[in-house]
Amino acid sequence: MSQKIVSVKGMRDLLPGEIELWQHVEGLARELFGRYGYGELRTPMVEDTALFVRSVGEETDIVGKEMYTFDDKAGRSLSMRPEGTAPAARAYIEHSVATQEPLTRWFYMGPMFRYERMQTGRYRQFSQIGAEAYGSKDAAQDVEVMDMVARFLQALGLQDITLNLNSLGDEVCRPQYHAKLVEYLQAHKPELCEDCHRRLETNPLRVLDCKNPKCQAVAAQGPSVLDFLCEPCKAHFDDVQRKLTALEIRFVVNPRMVRGLDYYTRTVFEFVASHPALSTASTVSAGGRYDKLVKSLGGPDTPAVGFACGLDRLVLLLKESGKSFAQVPDLFIAAADPGSHDAAFALAGRLRHQGLRVDFDTRGGSLKSQMKRADKSGAHFTLVLGELERTSGQAKLKQMSNGQQWETSLEPAALIATVRTRKAESASGASSQG
RNA sequence: GCGGCCAUAGCUCAACUGGUCAGAGCGCCGGACUGUGACUCCGGAGGUUACCGGUUCGACCCCGGUUGGCCGCCCCA
């Protein structure tokens with residue numbers, strides 16, 4: 001077999017039949033986020049490599065080994081974006097948005113790229129929907145973002161979602177906690193697993209969410225971030241919880257939850273789904289506050305908070321729910337004989353011009369094959385156009401679900417009216433039965 | 001990056017310990033039903049058994065490599 005070219009490992013095609021699920025999720029996000037006052041942002045898929053090194057963190061796995069990095073023809077080091085927060089912050093600074101709009105709210109959606117091993121709900125090209133709010137340090141902003149995610153997941157009909165909440169403190173209190181934690185972990189080093197010995201050197205916080213039972217036992221006895229929060233951070237964290245409660249958003253404080261990216265301060269959160277189909281990909285959305293990021297990238301000192309949802313995982317859950325979002329034609333037009341093919345095609349065109357969803361087999365073929373095609377298309381109605389109809393200007397409209405037929409005029413406006421009326425009637429009839 | 005499992009038609013899968021085993025169902029196309037789909041019946045197309053090499057008289061089956069997939073670890077959405 002000559003080598004056929006297939007899609008690159010970890011990247012896939014989305015064909016009609018599946019794409020509708022994606023469109024549904026994306027449409028819901030646009031509508032909902034717009035309702036909260038967020039405007040859509042689109043940034044390039046490729047950025048200066050330095051942007052991610054400086055924001056995400058040089059020592060993180062994402063930057064250290066998962067980025068698609070290459071030199072362009074001028075020798076610039078570019079990287080496919082591995083996440084959306086850094087590009088958004090870059091755009092925020094580049095366009096001096098802060099001077100125009102002190103409180104800025106953006107959302108984005110699109111593909112991200114990370115070179116890693118494939119697994120359930122994990123691809124090398126994956127999609128995220130996220131939002132960022134710049135300019136407010138009030139806990140209300142943290143809660144607005146979490147509320148938005150919660151409503152989003154709820155609107156998708158997803159069940160068994162838990163919101164985990166934690167605070168990582170700020171530049172004042174985090175170093176103190178960090179030092180205490182390292183001291184504690186060093187003392188218990190013999191009880192930790194091999195991986196954690198390494199984590200102790202690279203990122204001690206990660207020991208806290210190691211899945212090894214022995215490590216968990218050690219972590220459970222260790223110092224909690226929450227005991228080390230400075231007054232302002234503690235007040236903020238309390239405020240966040242109070243405001244979440246006021247909005248009736250349930251959450252679980254998890255003092256051992258950490259983040260893989262360096263830029264987070266204070267509030268961090270994760271929405272975790274318990275559906276078995278997700279396996280180890282149960283975190284469906286994650287985010288937090290990053291008050292120092294904008295400044296560290298050369299912008300004005302601007303507090304910010306945001307989140308990202310893994311779209312692939314949401315779609316996976318939606319698929320499991322078995323819901324269908326397929327778009328089917330209102331009407332299929334079949335030509336009874338080859339001599340009517342042109343007339344049928346013209347009629348289909350006129351109806352489409354006026355907004356009707358019409359399918360027609362441009363290949364022609366026997367009436368039977370066209371009827372099969374009509375059935376397969378899922379069209380609500382089929383109209384057979386032949387010599388009789390062309391001379392009389394009248395035709396039969398057949399409802400595919402039950403075979404019932406009605407006489408209708410071929411005049412487009414009248415035909416469309418008939419289709420719409422019959423469709424509405426059958427829809428209400430079906431719903432009143434269910 | 002590490003470990004385990006796997007790879008047969010478009011899809012889901014068969015083929016005793018290597019010897020007519022390259023098949024079924026679904027899907028697709030056509031016919032029975034010469035102006036009406038679904039149900040039923042009949043027929044047809046479609047695979048050098050992922051790729052490369054090896055062992056053997058003989059390989060879908062055994063061995064090695066490559067590529068790809070699934071699962072776990074790492075990490076993450």
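Note on naming: letters A, B, ... go to the chains in the order of the sequence lines (proteins, then strands), and numbering restarts at 1 for each one.
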Subject >> Passing option when A:Trp106 is tested against A:Tyr38, A:Phe33, A:Tyr134 for ring-ring contact (aromatic ring centres under 6.0 Å, His included) >> reply: A:Tyr134
Subject >> Of all pairs that satisfy salt bridge (charged side-chain N to carboxylate O under 4.0 Å, His left out), the ones with a partner from residues 273-290 of chain A, not counting sequence neighbours >> reply: A:Asp142-A:Arg289, A:Arg289-A:Asp291
Original post:
Roughly how far apart are A:Phe251 CZ and A:Asn164 CG, rounded to 0.5 Å?
Top reply: 11.0 Å
Original post:
With rounding to whole Å, what would you report as the distance between B:rC63 and B:rU56 at their C1' atoms?
Top reply: 12 Å
Subject >> By salt bridge (Lys or Arg N to Asp or Glu O under 4.0 Å) - contacts of A:Glu270 (at least two apart) >> reply: A:Arg259
Original post:
Sub-3.5 Å donor-acceptor pair from the side chain of A:Asp13 to the main-chain atoms of A:Leu15, do we have one?
Top reply: no
Subject >> Length of the line joining A:Asp375:CG and B:rG27:C1', which is rounded to integer Å >> reply: 14 Å
What protein N or O atoms touch nucleotides 39-41 of chain B N or O atoms at under 3.5 angstrom, if any, and at what distances?
none

**OP:** Could you tell me whether the side chain of A:Arg124 and the main chain of A:Glu116 form a donor-acceptor pair under 3.5 Å?
**Re:** yes
Original post:
Between CG of A:Leu331 and CZ of A:Arg422, what distance do you get to the nearest 0.5 Å?
Top reply: 14.0 Å
Original post:
Expressed in whole Å, how much space separates the P atoms belonging to B:rC11 and B:rU66?
Top reply: 26 Å
Original post:
What integer number of Å spans the P atoms of B:rC21 and B:rG65?
Top reply: 33 Å
**OP:** Would you indicate what A:Gly10 reaches in the nucleic acid, counting non-hydrogen atoms under 4.0 angstrom: base, sugar-phosphate, or nothing?
**Re:** sugar-phosphate
Original post:
For every nucleotide of nucleotides 71-77 of chain B, 5' to 3': is a protein heavy atom under 4.0 Å from its base (B), only from its sugar-phosphate (S), or from neither (-)?
Top reply: SBBBBBB
Original post:
Just how far is it from atom OG of A:Ser366 to atom CG of A:Asp337, taken to the nearest 0.5 Å?
Top reply: 12.0 Å
**OP:** Map A:Ser401 and A:Val8 onto RNA chain B by nearest heavy atom, then report which one ends up closer to the 5' terminus.
**Re:** A:Ser401
**OP:** Under 4.0 Å between any heavy atoms, over every strand shown, what does A:Gly403 touch: base, sugar-phosphate, or nothing? Just pick one.
**Re:** base
Original post:
Taking the same atom, C1', in B:rG10 and in B:rA45, what whole-Å distance lies between them?
Top reply: 12 Å
Original post:
B:rG68 and B:rC51: how far apart are their C1' atoms, nearest whole angstrom?
Top reply: 10 Å
Original post:
Is the shortest heavy-atom distance from the side chain of A:Arg90 to the side chain of A:Pro44 under 4.5 Å?
Top reply: yes
Subject >> For A:Arg151, salt bridge (Lys or Arg N to Asp or Glu O under 4.0 Å) partners two or more places apart >> reply: A:Asp147
**OP:** Go through the side-chain N and O atoms of A:Gln141 and A:Glu144 and say whether any donor and acceptor fall under 3.5 Å apart.
**Re:** yes
**OP:** Please figure out whether A:Gln399 or A:Arg363 has its closest RNA chain B nucleotide nearer the 5' end.
**Re:** A:Arg363
Original post:
Which whole number of Å gives the distance between the P atom of B:rG44 and that of B:rA7?
Top reply: 30 Å
Subject >> Proximity to RNA chain B (any heavy atom under 4.0 Å), residues of residues 12-22 of chain A only >> reply: none
Original post:
For A:Leu156, which of A:Val284, A:Ile161, A:Leu314 qualifies under side-chain contact (heavy atoms from CB on, under 4.5 Å)?
Top reply: A:Leu314
Original post:
What interatomic distance, in whole Å, is found between P of B:rG58 and the corresponding atom of B:rC41?
Top reply: 45 Å
Original post:
Got a sec, which residues hit salt bridge (Lys or Arg N to Asp or Glu O under 4.0 Å) with A:Arg250, two or more places apart in sequence or on another chain?
Top reply: none
**OP:** Drop me the distance from A:Tyr184's OH to A:Gln221's CD, to the nearest 0.5 angstrom.
**Re:** 6.0 Å
Residues 404-411 of chain A side chain polar contacts: donor-acceptor under 3.5 Å, at least two apart:
residue: A:Gln404; atom: OE1; partner: A:Asn402; partner atom: ND2; Å: 3.3
residue: A:Thr408; atom: OG1; partner: A:Thr418; partner atom: OG1; Å: 3.4
residue: A:Ser409; atom: OG; partner: A:Glu411; partner atom: N; Å: 2.9
residue: A:Glu411; atom: OE1; partner: A:Ala413; partner atom: N; Å: 3.4
residue: A:Glu411; atom: OE1; partner: A:Ala414; partner atom: N; Å: 3.3

Subject >> Under-4.0 Å side-chain N/O to phosphate OP1/OP2 contact, A:Lys376 with B:rG37 >> reply: no
**OP:** Taking salt bridge (Lys or Arg N to Asp or Glu O under 4.0 Å) as the test, write out the residues that go with A:Arg12, two or more places apart.
**Re:** A:Asp312
Write out a two-atom table: protein N or O, nucleotide N or O from nucleotides 34-36 of chain B, distance below 3.5 Å.
residue: B:rG35; atom: O6; partner: A:Leu388; partner atom: N; Å: 3.3
residue: B:rG35; atom: N1; partner: A:Glu389; partner atom: OE1; Å: 2.9
residue: B:rG35; atom: N1; partner: A:Glu389; partner atom: OE2; Å: 3.0
residue: B:rG35; atom: N2; partner: A:Glu389; partner atom: OE2; Å: 2.5
residue: B:rU36; atom: O2'; partner: A:Lys398; partner atom: NZ; Å: 2.8

**OP:** Residues of residues 36-48 of chain A with any non-hydrogen atom less than 4.0 angstrom from an atom of RNA chain B: list those, numerically ordered, please.
**Re:** none
Subject >> Test item: A:Thr85 and A:Ser55 side chains (from C-beta on) under 4.5 Å apart, heavy atoms >> reply: no
Original post:
Among side-chain atoms of A:Gln394 and A:Ser392, is any donor-acceptor pair under 3.5 angstrom?
Top reply: no
Subject >> Distance, P atom - from B:rC6 to B:rG64, rounded to whole angstrom >> reply: 13 Å
Subject >> Intra- and interstrand pairs of RNA chain B - dot-bracket, Watson-Crick/G-U under 3.5 Å, | marks other strand >> reply: (((((((..((((.....[...)))).(((((.......))))).....(((((..]....))))))))))))....
Original post:
About how many Å separate CG of A:Leu318 and CG of A:Leu158, when rounded to the nearest 0.5 Å?
Top reply: 7.0 Å
